Structures are given as C-alpha cells and as structure tokens.
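Shown next, in structure tokens, is the structure this report addresses.
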There are 2 protein chains.
Amino acid sequence: MNKNQALVWDHPRFRSWIAVARACQLMQTVLTRELSELDIKPPHLDILVNLYRFEGISQQELARKLLVGRSNMSMTLPQMEKRGLVERRGDTKDKRVLRLFLTEEGRAVAEEAMAIQTGLIERTLSSTPIEQCHAMAESMEKIILALHAEMADETESA
Amino acid sequence: MNKNQALVWDHPRFRSWIAVARACQLMQTVLTRELSELDIKPPHLDILVNLYRFEGISQQELARKLLVGRSNMSMTLPQMEKRGLVERRGDTKDKRVLRLFLTEEGRAVAEEAMAIQTGLIERTLSSTPIEQCHAMAESMEKIILALHAEMADETESA
DNA sequence: ACTTTATTGTTCAATATTGAACATTATTGG
DNA sequence: CCAATAATGTTCAATATTGAACAATAAAGT
C-alpha cells in the first residue's frame, strides 16, 4: 500500500503545507517560551492585541476574531480581569453584551508582548526577502478565503 | 501610544506572518471537522502519519517529531491502542523503549485520514500556483531552521 | 401586547496538554 | 564490579479548550 503513501508525499502542495504548519507550530512553541517572562501565553497575547486594536469589542466578536468558542472567552477573560489586564463593562443599550477594554497595565503588557512577538518574527523571517514575504501573505489570504468557504459549506450542509 | 501600534502593524513581515498563522489555525479548524467522521482529531492524524512513515519508532522519537512532551504520548497512545489503531511492543535490546506500529485498522484509518487532509489542502491551495507553493515551502524551511536556532539558544542559556 | 425566535454570555462535564516528580533500565567513569 | 549519570516512559496536578445545555435579554412575527 505504498502506492498511496507515495502519492501523498509526492503531492507538492501537501509537502508545502506541512512545512507551513510545522513553522507555525514551532513559532508558537518559541513564542510561548519568550512570553513566559510576562506571565502570559499566546492566547492572552491574541486577546490583548485585539483589545488594543478594537477597544470596546464584545466577547462574542472577540471569540469570532480569534476563532475560538464563546465559552473560551467566558473562562479566560475573568482570569485576565482578576490579573488587572482587562476590564469588562456592560453595554448600556444591550444588557446582554459585555464590552472589553484594556487597563493601564493591560496596555503596557500588550505593548511589551507585541514587541517580543515582533522581534521574534523579525529575527526568524529576516532571511526571507520582503517581496517573498508579501507573496506569501497574498497566498495565505487566498487560502484563508478558501478555508472560510469550506467552513461555510460545512455549516450550511449541517 | 499609537506610535507603537502603528509600528507593529506597519511591519510588513509581522503582517505577513499573522496571515500565515491565521491560515494555519483555520486549516486546523476545518481539518478537525472533516476528520470527525473518522472519529479522530489532528493530533491522532499526526501520530498515524508518522507511524505510517516511520514504523517501529519509539515514543520519545515520536514526541520529538511532533513537538510535544513525552507525557502527551504516554496519555494519547494507550487510548489509540485501546481503539485498535496502534500497537506498542517493547524493544528487545532496550527494555526502556516501546516501539510503535500501526495495526491493520490503524493503517486503513491513516490512509483515509491522509486522503481527507490531502483533499482539503488540494482544494484550498489550488488557487496558489505550484511555483509559489515551492517558494513558500522554501521560505518556511528557512524559518524552521531559524526557529530551531532560537530554541537551542533558549535551552543552552537555561 | 404577546409569543416565538435569536443573540449573548455562563456553566459544566469531557478531553487535551503540559511540566515536574518518579520508577525502571542503560550507560559511563572509576 | 559499583556508583553516578542519563534516558525512557508513566503518573499526577494544573491549566486550556470545547460543545451542549442553560439563563437573560433583544428582536421579529403575529
């Protein structure tokens, strides 16, 4: 049955994607280590970055942006609130939603964490020329669109 | 303090990498859904693929290849063994190591799962020309090397 | 106005993942 | 041969993540 095996590993796009996935996983691992000095993990960084950019976002919107479940936010955000990184205020118009904000400290930690992440990316992508980076990003955007289409398919056929 | 924010988001390699990370995360999400019909998840697929290619590998080696802890394998593999997908046999030379093999069913599931993954990759990368895929893979290999160097740095300075 | 449906967030049980401490077996240095 | 060190796998507690069921509020349909 090595016919199938050969087919899979010969597939050029398959091999390419495996490299992408591996790089991502490694980046995550290294980022986790480097963020540990701030006592946060990648999921917290994602939250901080999004609150930095989209102040007053709701938990629902945040979960959608991060591609995680609402329950995830319900578990994680109270922890970050206790640590004084974020603040949750009820919306006055709609009593269901909680709007999210960075605290002073949250903003500071967000900036340090983004600096760490940017530094890591700069170091590890420095050998890849800018044009190639842009080409990569373009390909990724197309892939992201295709994947969103896949997700829509799955949901509507359910 | 939007000076810092602007700097971060203007950084071209930063933006490029964010696209990569997002594509990976989406791919993982969609793959998880598509694998559910086989009652397995991406981590199991990773294990099956590696056992398919590297028969008789040890738990340690497998963990290293998958970039996870040994304890992860100690928790996951017995489950897969109970489900009849893999088999663990003690090495005769070294009584510490357990060598891993696919069962008949494990091989079948592995092939189905790889077919699902390959199909998904083919569909979502079809809009990216082959040459671009290769260029992407090359960049990723360089990034992987850089990240391994980072990990070595961290470990040796500890 | 009122009933139904949809949205937002929470809770809970199930599952996954990790790192540290540990037991067993190998290897190394004397 | 023996003691010290290293390697392999396991266990356990801590933490994360998910989906389903739920409560409260809003929106839509009648």
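Labels below follow one simple rule: chain letters A, B, ... track the order of the sequence lines, proteins then strands, and each chain is numbered from 1. In this text the structure is predicted, and so the values were computed from the model without any measurement.
Atom CD of A:Q59 is separated from atom P of C:dT10 by 4 Å (rounded to the nearest Å). One can place CZ of B:R70 at 12 Å from C1' of D:dT11, the figure rounded to the nearest angstrom. Protein atom CZ of A:R89 is 18 Å distant from nucleotide atom C1' of C:dG9, rounded to whole Å. In this structure, A:Q28 places its CD atom 15 Å from C1' of C:dA16, rounding to the nearest Å. What separates CE of A:M75 from P of D:dT15 is a distance of 12 Å, to the nearest Å. The nearest whole Å value for the distance from the CZ atom in B:R33 to the P atom in D:dG19 is 8 Å. When rounded to the nearest whole Å, the span between NE2 of A:H44 and C1' of D:dA16 equals 9 Å. In this structure, B:K95 atom NZ and D:dT10 atom P are separated by 17 Å, rounded to whole Å.
Among the nucleotides C:dT11, D:dT10, C:dT8, the one closest to any side-chain atom of B:L98 is D:dT10. Looking at the side chain of A:V97, the nearest of the listed nucleotides C:dT25, C:dT8, C:dT10 is C:dT8. With distances taken from any side-chain atom of A:Q79 to the nucleotides D:dA13, D:dA16, C:dT10, the minimum falls on D:dA16. When each of D:dA16, D:dG19, C:dA16 is scored by its nearest atom to the side-chain atoms of A:S71, the top-ranked nucleotide is D:dG19. Nearest nucleotide to the A:K41 side chain, out of D:dT15, C:dT25, C:dT17: D:dT15.
A donor-acceptor distance shorter than 3.5 angstrom exists from the side chain of B:E81 to the backbone of B:R88, with no hydrogens or angles considered. Distance alone, capped at 3.5 Å, places no donor-acceptor pair between the A:S58 side chain and the A:V97 backbone. Of the possible polar contacts, one joining the A:Q25 side chain to the B:L66 backbone as a donor-acceptor pair under 3.5 Å is found.
Heavy atoms of A:R99 sit nowhere under 4.0 angstrom from any nucleic acid atom. Using a 4.0 Å heavy-atom criterion, one finds that B:D94 contacts the sugar-phosphate atoms exclusively.
Residue B:R88 places no side-chain N or O under 4.0 Å from the OP1 or OP2 atom of D:dT8. Put simply, B:Q60 has a side-chain N or O that comes within less than 4.0 Å of OP1 or OP2 on D:dT8.
Between B:K93 and B:D91 no salt bridge is recorded (no basic side-chain N to carboxylate O distance below 4.0 Å). Here B:E55 pairs with B:R107 in a salt bridge; the nearest charged N to carboxylate O distance falls below 4.0 Å.
Ranked by how close their nearest DNA chain D nucleotide is to the 5' end, A:K93 and B:P78 are led by B:P78.
If you check distances only, the side chain of B:S74 never reaches the base of D:dG9 with a donor-acceptor pair under 3.5 Å. A donor and an acceptor atom never sit less than 3.5 Å apart when one is taken from the side chain of B:R96 and the other from the base of C:dT24.
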